[in-house]
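The first residue in the sequence is number 1, and the count goes up from there.
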Amino acid sequence: MESMKRTMKITVNFSVVLLLLAIGFDLSAGATKQWTRDVGYNNAANWDVGRVPCAQDKVIFTDQTSVVFLQVNGTMREVVLPTNGEVVLANTMTIAFSDYSDVDPQCNGQDVTFIADTPKHWFDPDNWKDPDGPVTVETELVPCRYDDVSFPEDNLFSVALNESVSVRSIQVSGQSYNGPNIANYLNTPNGKLQFAVDDGVTIGILGYDCPDSTGCQCGNDEQQQTMDMICSMASCYPLMCQNPVTPEGACCAKCGAILTMDFEHSSFNMNQFKQWIKTNYGGTVNMNKRATKRQADSSVESNIIFYISKTKSEKIQLVITETGSGSGKSAVQMAQRIQRDLRSGMASLGIKSVSMQASSQGTGGHTGSAGSVSSGGIAGIIIVVCIVIALAATAIFMYARRISFRKDDPLHADIEMTPTHLQPEYIQELPIDPTGVKGFDNPIYATSPLPSKDGSPMYADPTKADQHQANGQQQVNGHQRNGSYEKNSYDHESAANGLENMEQRDSTIVGLAFTNPMQSDTKT
């Protein structure tokens with residue numbers, strides 16, 4: 001009790017309402033759309049930890065919580081209530097508070113927050129289901145104008161509605177309402193508790209079925225604003241196919257096929273076409289004139305789903321898909337079979353033409369939403385990224401190699417000079433005296449140049465001759481000579497000046513003298 005007193009001190013403006021719910025109401029056969037959300041305390045999906053609170057938990061209702069429904073008895077350690085909101089207790093419902101761990105030994109105790117704290121939107125396809133099977137066109141999963149609508153009879157809910165709608169019938173907590181009655185209900189405390197309706201927004205009750213034997217359009221995609229609102233809330237899931245198809249009125253692409261048919265208004269009948277599908281392909285058909293949902297029985301592919309409806313463009317649309325995350329292969333094969341059968345018996349059904357769109361097999365990569373990237377596109381992106389990375393790595397490698405060379409590093413090059421590069425007038429043949437001393441002045445060593453026969457030094461390196469050049473002549477050890485270079489053979493005696501193991505040449509070598517073309521007084 002102390003725990004209860006402590007928590008009650010932090011609550012203000014919170015009312016407790018006792019609501020007696022009708023039990024045992026059976027939905028009428030015409031009901032096609034059921035609301036799936038609730039604000040039940042006992043619904044594990046309504047808690048952030050994915051389970052119902054246990055005895056040692058601290059239960060938290062945020063300030064955004066408008067209503068919560070406690071259907072069964074519960075025990076908790078502590079509860080935090082919002083400043084404004086309502087809790088609805090079922091008949092004979094009790095709440096207990098306890099600080100003793102032995103009340104529920106398996107409960108470790110933690111903070112548990114109620115997350116179904118805001119009204120769910122009427123135009124969100126994820127909030128609805130069709131008891132006759134999956135609806136593969138999202139705008140038609142939201143109640144259409146000739147649908148029967150049912151809200152939970154044994155639970156409370158919270159619906160947000162910002163745009164006027166019309167349906168065939170509506171049931172709330174097991175009670176059917178017509179036009180005037182639903183308007184009155186929305187103004188009651190319970191109506192305001194469960195329907196957050198904007199000013200000027202109404203729910204129209206038509207009270208009759210589709211009057212057109214060829215079928216009636218859903219109507220949710222007639223206004224682009226309404227369709228955009230629905231698609232902004234729709235959940236599209238990954239697909240295991242290439243080139244998925246998008247039915248008219250759908251928000252998400254599909255793996256499978258679409259058969260689109262033009263029909264004769266005077267002879268086509270939606271109910272007869274449903275019966276034809278049921279008879280030939282094992283489908284189960286409900287009595288809604290607007291659409292047909294079918295899950296194949298054991299006589300055909302068990303994973304195929306049919307959905308038939310009349311589109312905004314006044315065509316009959318048959319969407320064939322697969323359950324789960326199928327690739328659509330079986331659905332496409334079924335569509336091809338139906339297309340062949342239709343073409344052979346179109347006249348009897350009142351169909352003028354039939355065309356098919358089909359997805360292709362793939363390995364995934366689609367999200368099903370508009371603008372999604374195919375797996376081939378993803379593969380291309382990966383390849384481009386790899387190429388960019390390789391180019392970047394190459395550029396970095398080349399840059400690293402370039403900066404590894406320093407300015408002071410020596411450069412090595414072999415230079416070969418041949419007489420063919422010189423003009424003939426700059427070449428002269430010098431006589432060689434076999435008795436003369438033949439030598440080579442190596443500039444690496446600090447040796448005196450060997451004199452030639454006439455006493456002038458001989459150089460094999462022209463650069464050294466340039467060092468002795470002055471005023472058009474060369475000065476070498478006090479001797480004057482014209483700017484020419486001599487090349488002679490050398491013998492074993494010259495090896496003592498730094499050249500070793502050179503073979504003595506016996507033959508007479510012709511020496512060449514190169515006249516310096518830069519000197520105007522050079523004689524050839």
Run the ring-centre check on Phe69 versus Phe157 and record whether the distance is less than 6.0 Å. no

Just how far is it from atom CG of Asn303 to atom OG1 of Thr323, taken to the nearest 0.5 Å? 5.0 Å

Going by atom types alone, do Gln224 and Asp228 pair a side-chain donor with an acceptor below 3.5 Å? yes

Provide the closest heavy-atom pair for Ile308 versus Ile277 in the form atom of the first, atom of the second, distance. CD1-CG1, 3.9 Å

Closest contact, heavy atoms only, Cys255 versus Met240: SG-N, 3.7 Å

For the residue pair Ser360 / Asn243, report whether a side-chain donor-acceptor contact shorter than 3.5 Å exists. yes

Could you walk me through whether Leu156 and Val67 pass the side-chain contact (heavy atoms from CB on, under 4.5 Å) test, one step at a time? CA-CA 8 Å; Leu156 289 185; Val67 60; 4.2 Å; yes

Side chain Thr75, main chain Phe97, donor-acceptor under 3.5 Å: no

Mind running side-chain contact (heavy atoms from CB on, under 4.5 Å) on Leu161 and Ile203 for me, showing each step along the way? CA-CA 9 Å; Leu161 184 60; Ile203 300 177; 3.6 Å; yes

If we only count heavy atoms from C-beta on, is the Thr113 to Trp47 side-chain gap below 4.5 Å? no

Measuring from Ser166:OG to Arg145:CZ, what's the distance to the nearest 0.5 Å? 8.0 Å

Does the side-chain contact (heavy atoms from CB on, under 4.5 Å) test come out yes or no for Asp221 and Thr226, once each step is laid out? CA-CA 7 Å; Asp221 61 344; Thr226 303; over 6 Å; no

Restricting to pairs with a member in residues 312-335, which pass salt bridge (charged side-chain N to carboxylate O under 4.0 Å, His left out), not counting sequence neighbours? Asp262-Lys315, Lys310-Glu314

Looking at CE of Met233 and CG of Asp126, how far apart are the two atoms once the value is rounded to the nearest 0.5 Å? 10.5 Å

Side chains of Phe195 and Ser158: closer than 4.5 Å at any heavy-atom pair? no

So how far is it from Glu138 CD to Thr246 OG1, rounded to the nearest 0.5 Å? 9.0 Å

Suppose the criterion is side-chain hydrogen bond (donor to acceptor under 3.5 Å, both in side chains): which pairs have a residue in residues 35-46, not counting sequence neighbours? Arg37-Asn127, Asp38-Asn43, Asp38-Asn46, Asp38-Asn155

Applying ring-ring contact (aromatic ring centres under 6.0 Å, His included), run through Phe151 and Trp128 and close with a yes or a no. CA-CA 10 Å; Phe151 289 93; Trp128 299 95; 5.8 Å; yes

Indicate yes or no: at least one non-hydrogen side-chain atom of Met356 is less than 4.5 angstrom from one of Ile258. no

Answer yes if the side chains of Gln317 and Tyr307 hold a donor-acceptor pair under 3.5 Å, and no otherwise. no

Find out if the SG atoms belonging to Cys251 and Cys231 lie under 2.5 Å from one another. yes

Whether the side chain of Lys254 engages the backbone of Pro247 through a donor-acceptor N/O pair (distance < 3.5 Å, no angle test) should be reported. no

Atom of Val103, atom of Ala55 and distance for their closest heavy-atom approach: CG1-CB, 4.0 Å

Ser327 side-chain N/O to Cys241 backbone N/O, donor-acceptor pair under 3.5 Å: no

Distance col, row Ser150:OG vs Asp147:CG, nearest 0.5 angstrom, shows 12.0 Å

Working to the nearest 0.5 angstrom, can you tell me the gap between Leu193 CG and Glu86 CD? 5.0 Å

Side chain to side chain, Val167 and Asp148, heavy atoms closer than 4.5 Å: no

Side chains of Glu248 and Ser313: is there a donor and an acceptor less than 3.5 Å apart? yes

Show, in sequence, the C-alpha distance, side-chain angles and deciding distance for Asn162 and Phe123, and conclude whether the side-chain contact (heavy atoms from CB on, under 4.5 Å) test is met. CA-CA 9 Å; Asn162 63 348; Phe123 288 99; 4.0 Å; yes

Establish, yes or no, whether a centroid distance under 6.0 Å links the rings of Trp276 and Tyr281. yes

Using modelled atom types and a 3.5 Å cut-off, is there a donor and acceptor pairing between side-chain atoms of Asp57 and backbone atoms of Val59? no

Side-chain donor or acceptor of Arg168 paired with backbone N/O of Tyr146 under 3.5 Å: no

Just by distance, do the side chain of Asp341 and the backbone of Ile338 share a donor-acceptor pair under 3.5 Å? no

Is it the case that the side chain of Thr65 and the backbone of Phe61 share a donor-acceptor pair, with hydrogens and angles ignored and the cut-off at 3.5 Å? no

